[in-house]
Amino acid sequence: MTMKIPEAVECIISRLNENGYEAFAVGGCVRDTILCRSPEDWDITTSAKPEQVKEIFPRTVDTGIQHGTVTVVMNRTGYEVTTYRIDGEYEDGRHPKSVSYTSVLKEDLRRRDFTINAMAYSHKTGIVDEFKGMDDLKKQVIRCVGDPIERFTEDALRILRAIRFSAQLNFTIEAQTFKAITVIAPNMAKVSKERIQTELTKLLISSHPEKISLVYETGISPYISSHFHQVPYEKAVKLNGRENGFLPEGKKYLRWAMFLRFAGEEQAVLVLKDLKMDNDTICKARTLVKWWDYPVKAEEESVRLLMSKMEPELFDDLLQLKMLSAYGRQITDYCKEIALIRDLIRDRGDCLYLRDLSVTGKDLIEAGIKPGKEIGDILEKMLSAVLQQPKRNTKEELLNKFVYNKAPAAE
Ligand code: ATP
Ligand code: MG
């Protein structure tokens, strides 16, 4: 079987071979290529030691030299080239105390987490599959290489990786591997919150975010955080399938909001803070959780009011979230109607935010209002009036009504 690999990867492998070393593409990139998915990154494994790799290639970066990894830069892209490695004893349930090099590819494949991630490939040799990864790809299962209890004890992050891959690939977790997860669950406490967050985010933005329920069903949720454990996940994962699909990383707040939408605003924020989520994501997810179920009516004034609560992109996300949660034609039709009204409001350019108001703070000061809280209060009142009736957004009418207390001119 010949696999398509990027030119640069082929070039790195050939150069290593020419210098007398073995080299293969390995891990996730081999798995994804066989599955006809596009790999995130290409990793290369080689019998060459890091120093030898550095002698061969002019441009390298010592990214993880202590674990045998050198990044080779080619066409402005970095490729991680790692020496065949055996991990020493694991000391904290996360990291090996030491690593040692080996000249045997099979030993390097043995330290990898799952059979589907333990295959190597080169044009010269074809696929190297020492642990029946191909069979498991066909069966669509995630199975540890070797004894799952041992493998999860060595590194508890693998527990979350198993669940995350099962969401990304829509695979099931093989029975022994699943059982081991339930046994080793308490070790999850040893994994840093940032790493947990990264894995859960990958899971949520995949095409099967509903698989987050595995985090609860395997019993690891209490070891993630107590707020996380209390999330009403069963309701949250009942999704309208048609609206599913892979989302870009930049939209992660949308899937987090989806998962947390029944938890309420406060708990949602606590969960995200526990997981050391960045503030921008917390803020957006919070807004969506707060408003996703707001009883907006399919009429302009009501839609404008809701639109004014958030930035335009977030409002579109909110509609998507509503659709995702929608059951039955009626709700779907209702969401579509809201979307049409939204388009109308946008096409007309109705004022939705203070920044669109035809009166500014400066205008109010010029009209004799003292700088201070009153300015903000008046602007808010003006905005609220304009949200009801967009036509009122003229400087004259607003100043007359809210500053000079004059009745609006008769129409
Ligand atoms: P993706 O890049 O899509 O997230 P991946 O399988 O490529 O998935 P990486 O984190 O890029 O995952 O790791 C590359 C390879 O390194 C894996 O395929 C696996 O063989 C090995 N690996 C990564 N993390 C671990 C781990 N915690 N334990 C054992 N092997 C691991
Ligand atoms: Mg990868």
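Quick caveat, the model's predicted, so the values are computed rather than measured. Each ligand, and each atom within it, is numbered from 1 in the order the structure gives.
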Under 2.8 Å from the Mg ion (ligand 2), the protein N, O or S atoms found are Asp41 OD1
Got [X] and [Y] here, is their nearest side-chain heavy-atom distance under 4.5 Å?
{"X": "Ser358", "Y": "Glu397", "answer": "no"}
{"X": "Leu272", "Y": "Trp256", "answer": "yes"}
{"X": "Glu130", "Y": "Val128", "answer": "yes"}
{"X": "Ile127", "Y": "Ile34", "answer": "yes"}

Test item: side-chain donor near acceptor, Glu174 and Thr177, under 3.5 Å: yes
Please tell me whether Thr201 and Thr198 have a donor and an acceptor in their side chains that are separated by less than 3.5 angstrom. no
On the ring face of Tyr101, is Arg85 found with NZ or CZ under 6.0 Å from the centre and within 45° of the axis? no
Between Phe402 and Lys381, is there a cation-pi geometry (under 6.0 Å to ring centre, at most 45° from the normal)? no
Taking any residue with a non-hydrogen atom under 4.0 angstrom from an atom of ligand 1, which ones do you get? Gly27, Gly28, Arg31, Glu40, Asp41, Asp43, Arg111, Arg112, Asp113, Asn117, Asp155, Arg158, Arg161, Arg164, Phe165, Lys202
Would you say the ring centroid of Phe24 lies under 6.0 angstrom from that of Tyr121? no
